[in-house]
Amino acid sequence: MTRTPAVLGGAPLRDTELPVARPTMHREPALLDDIDEMIASGMLTNGRHVARFERDVADFVGVGHTVAVSSCTTGLLLLLTVLGRRGDAVLPSFTFMATGHAARWAGLTPVWADSDPTTCTVDPASASALVGQDTAVLVGVHTFGSPCDTAALAATATATGVPFIVDSAHAFGARYPDGTAVGSHALAEVFSLTPTKPLSTGEGGLVTTDDTDLAAELRVAREYGNFGGYDSRYPGLNGRMPEFAGLLGRYQLPRLPEVLARRRELAARYRERLSAVSGLSVQRIAGEPTFKDLVVLVDANGFGLHRDELASVLRAERITTRSYFDPPLHAQRAYRDIPPVQALDGTAILAASALTLPLFSHMSESDVDQVCEAIESAAAYAGPLAARLRDAGPQKEISA
């Protein structure tokens with residue numbers, strides 16, 4: 001018999017909070033030895049560990065060059081800066097705010113593309129329709145770690161002569177449908193290494209590219225734009241990755257395949273069990289995603305509760321969720337001076353219905369089962385829950 005949800009007086013399903021994400025870090029004696037050696041050497045930046053990490057990442061992805069930076073946002077900003085183009089940046093509105101922020105800091109004007117409400121990634125037809133004579137760059141995003149349609153986007157870029165880059169913040173370790181590694185399908189792709197990502201160095205980012213000249217420019221740009229002699233060619237910034245982050249990356253990278261395999265096992269468990277719940281659907285994925293986020297789409301008519309109401313029900317069970325990315329960029333205060341030039345129907349659906357459930361590689365199968373049980377209980381008691389929650393507004397989250 002389905003248990004009574006905590007919102008309706010039942011005991012919370014869990015005794016402790018289940019976070020939506022948690023980094024999986026491997027502590028090894030050799031890592032501690034290298035930390036001691038690094039501290040003793042005094043080489044805390046521009047040293048051998050970041051350089052080695054860059055080479056290892058390039059080999060892992062299968063590209064000619066990797067440039068390590070202080071964050072994914074910094075990498076995007078530097079990339080857009082060294083491209084040296086002015087005008088519009090066509091990018092999805094359904095993405096984390098950093099995608100838009102980097103474009104604005106680089107002096108570009110975001111133009112909002114729609115997203116497919118089934119894949120959660122940018123709609124190639126929408127983006128293609130927006131590319132014109134004022135377009136400086138076309139930006140794809142691998143939303144929640146599932147590859148977007150880079151083939152279609154690249155075709156538009158090639159036909160129009162517009163550079164194509166990808167915000168791959170969520171997707172290090174993913175593979176495209178053709179089996180090639182994410183990081184290899186655009187002029188450059190930029191990754192995040194924050195603690196919510198499957199590969200984390202605490203903070204940090206990576207830019208991958210096969211363009212030798214571009215990589216060289218990025219290396220200078222992360223050093224204030226100083227080519228030597230303190231005569232900067234353009235206003236760069238301090239975008240270096242610290243040696244400690246590079247050292248962590250070196251030790252975490254070899255373990256990434258097992259981390260991703262475990263995330264995919266847990267995601268499959270979620271997706272199989274939740275497929276039987278009316279009014280819930282899961283992200284339609286392409287290739288091999290990272291499952292940086294495990295996302296369900298809540299149809300209020302079919303499920304009986306709105307997405308935010310379900311989040312409140314799960315919170316009472318001590319299960320943490322996130323509602324990425326609500327509001328979407330075009331509706332955020334920072335961008336209200338840039339209205340959409342086309343309908344963003346898919347974006348509206350996603351912003352109102354997408355809910356991220358807990359997923360990290362060292363969580364247990366029983367954790368997954370508890371989340372699914374809580375969702376099943378919510379569906380079974382949807383009517384009484386809706387009545388109880390009708391005057392309560394859900395809390396919003398902004399982290400990514």
Side-chain angles (χ1 to χ4, degrees), residues 53-69 72 75-76 79 83 91-92 95 99 115-116 118-125 127-128 137-159 162-193 197-200 204-215 218 249-250 252-265 267-268 283-293 361:
F53 184 42
E54 289 177 327
R55 293 194 298 271
D56 291 347
V57 168
D59 291 342
F60 185 92
V61 174
V63 294
H65 309 278
T66 298
V67 181
V69 288
C72 181
L76 285 168
L79 175 58
L83 288 178
L91 54 92
T95 182
T99 315
S115 290
D116 185 318
T118 64
T119 67
C120 306
T121 60
V122 60
D123 181 345
S128 178
V137 63
L138 175 58
V139 185
V141 179
H142 298 318
T143 317
F144 306 135
S146 181
C148 65
D149 190 346
T150 54
L153 295 170
T156 293
T158 299
V162 171
F164 171 50
I165 67 171
V166 184
D167 179 345
S168 302
H170 295 180
F172 190 84
R175 291 194 172 272
Y176 289 112
D178 65 2
T180 57
V182 164
S184 61
H185 272 205
L187 174 62
E189 299 195 38
V190 190
F191 299 93
S192 172
L193 302 174
K197 310 305 186 294
L199 177 68
S200 177
L206 300 165
V207 185
T208 59
T209 183
D210 277 320
D211 189 312
T212 300
D213 292 338
L214 178 60
L218 288 168
R250 283 186 53 203
Q252 300 303 314
L253 182 60
R255 306 291 289 272
L256 181 62
E258 66 184 77
V259 168
L260 291 177
R262 176 61 175 168
R263 295 178 78 92
R264 289 164 183 155
E265 287 177 2
Q283 180 186 17
R284 181 163 60 86
I285 59 176
E288 295 182 15
T290 61
F291 287 110
K292 183 270 177 187
D293 295 302
S361 64

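Bear in mind that the values here come from a model prediction, so they are computed numbers and not experimental data. Below, all heavy atoms of this structure are taken into account, side chains as well, without hydrogens, waters or symmetry copies.
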Full working for side chain to side chain contact (heavy atoms under 4.5 Å, CB included) between Leu199 and Phe60 = CA-CA 13 Å; Leu199 177 68; Phe60 185 92; over 6 Å; no

ask   = What is the distance from atom CG of Leu260 to atom NZ of Lys292, rounded to the nearest 0.5 Å?
value = 14.0 Å

message = Quick one: does any side-chain atom of Glu54 pair with a main-chain N or O of Ala68 as donor and acceptor, under 3.5 Å?
response = yes

key: Partners passing side-chain contact (heavy atoms from CB on, under 4.5 Å) against Thr180 (at least two apart in sequence or in another chain)   = Tyr176, Asp178, Ser184, His185

inquiry  = Using only atom types and a distance under 3.5 Å, with no angle test, would you say the side chain of Ser115 pairs donor to acceptor with the backbone of Asp123?
reply    = no

key: Test side chain to side chain contact (heavy atoms under 4.5 Å, CB included) applied to Thr290 and Arg263, step by step   = CA-CA 7 Å; Thr290 61; Arg263 295 178 78 92; 5.5 Å; no

task = Could you pull out all residues at least two apart from Asp293 that satisfy side-chain contact (heavy atoms from CB on, under 4.5 Å)?
result = Phe144, His170, Val295, Tyr324, Thr356

query = Taking atom CG of Leu256 and atom NZ of Lys197, what is their separation to the nearest 0.5 Å?
reply = 13.5 Å

ask   = To the nearest 0.5 Å, what is the distance between CG (Leu76) and CG (Asp167)?
value = 5.0 Å

note = The single option from Thr156, Val139, Thr150 that satisfies side chain to side chain contact (heavy atoms under 4.5 Å, CB included) with Phe164 is Thr150

ask   = Mind checking what makes side-chain contact (heavy atoms from CB on, under 4.5 Å) contact with Ala152, not counting sequence neighbours?
value = Pro124, Asp149

task = Identify the two heavy atoms, one from Ala188 and one from Val207, that lie closest to each other, and give their separation to 0.1 Å.
result = CB-CG1, 4.1 Å

task = Tell me, please, which residues at least two apart from Arg284 pass salt bridge (Lys or Arg N to Asp or Glu O under 4.0 Å).
result = Asp116

query = Which atom names give the shortest non-hydrogen contact between Pro147 and His142, and what distance separates them?
reply = CA-ND1, 3.3 Å

task = Mind listing the closest non-hydrogen atom pair of Val190 and Leu79 along with its distance?
result = CG2-CD2, 3.8 Å

request  = Starting from the C-alpha separation in whole Å, work towards a yes-or-no answer on side chain to side chain contact (heavy atoms under 4.5 Å, CB included) for Phe191 and Thr66.
outcome  = CA-CA 11 Å; Phe191 299 93; Thr66 298; over 6 Å; no

request  = Please assess Val141 against Leu91 for the test side chain to side chain contact (heavy atoms under 4.5 Å, CB included), listing each intermediate value before the final yes or no.
outcome  = CA-CA 8 Å; Val141 179; Leu91 54 92; 5.7 Å; no

ask   = Just how far is it from atom CG of Leu138 to atom CG of Leu153, taken to the nearest 0.5 Å?
value = 5.5 Å

note = Heavy atoms of Ile165 and Leu83 approach each other most closely as CG2-CD1, 4.4 Å

task = Taking all heavy atoms of Cys148 and all of Thr121, pick out the closest pair and write down the distance.
result = CB-CB, 3.7 Å

request  = Examine distances only and state if a side-chain atom of Gln283 and a backbone atom of Thr119 form a donor-acceptor pair shorter than 3.5 Å.
outcome  = yes

All side-chain contact (heavy atoms from CB on, under 4.5 Å) counterparts of Glu265, not counting sequence neighbours = Arg262

inquiry  = If the condition is salt bridge (Lys or Arg N to Asp or Glu O under 4.0 Å), which residues does Asp56 pass it with, not counting sequence neighbours?
reply    = Arg52

task = Please report the shortest heavy-atom distance between Ala215 and Thr209, naming the atom on each side.
result = CB-CG2, 4.0 Å

task = Would you confirm whether Ser168, through its side chain, and Glu189, through its main-chain N or O, come within 3.5 Å as a donor-acceptor pair?
result = no

request  = Rounded to the nearest 0.5 Å, what's the gap from OG1 on Thr208 to CG on Leu187? Could you check?
outcome  = 10.0 Å

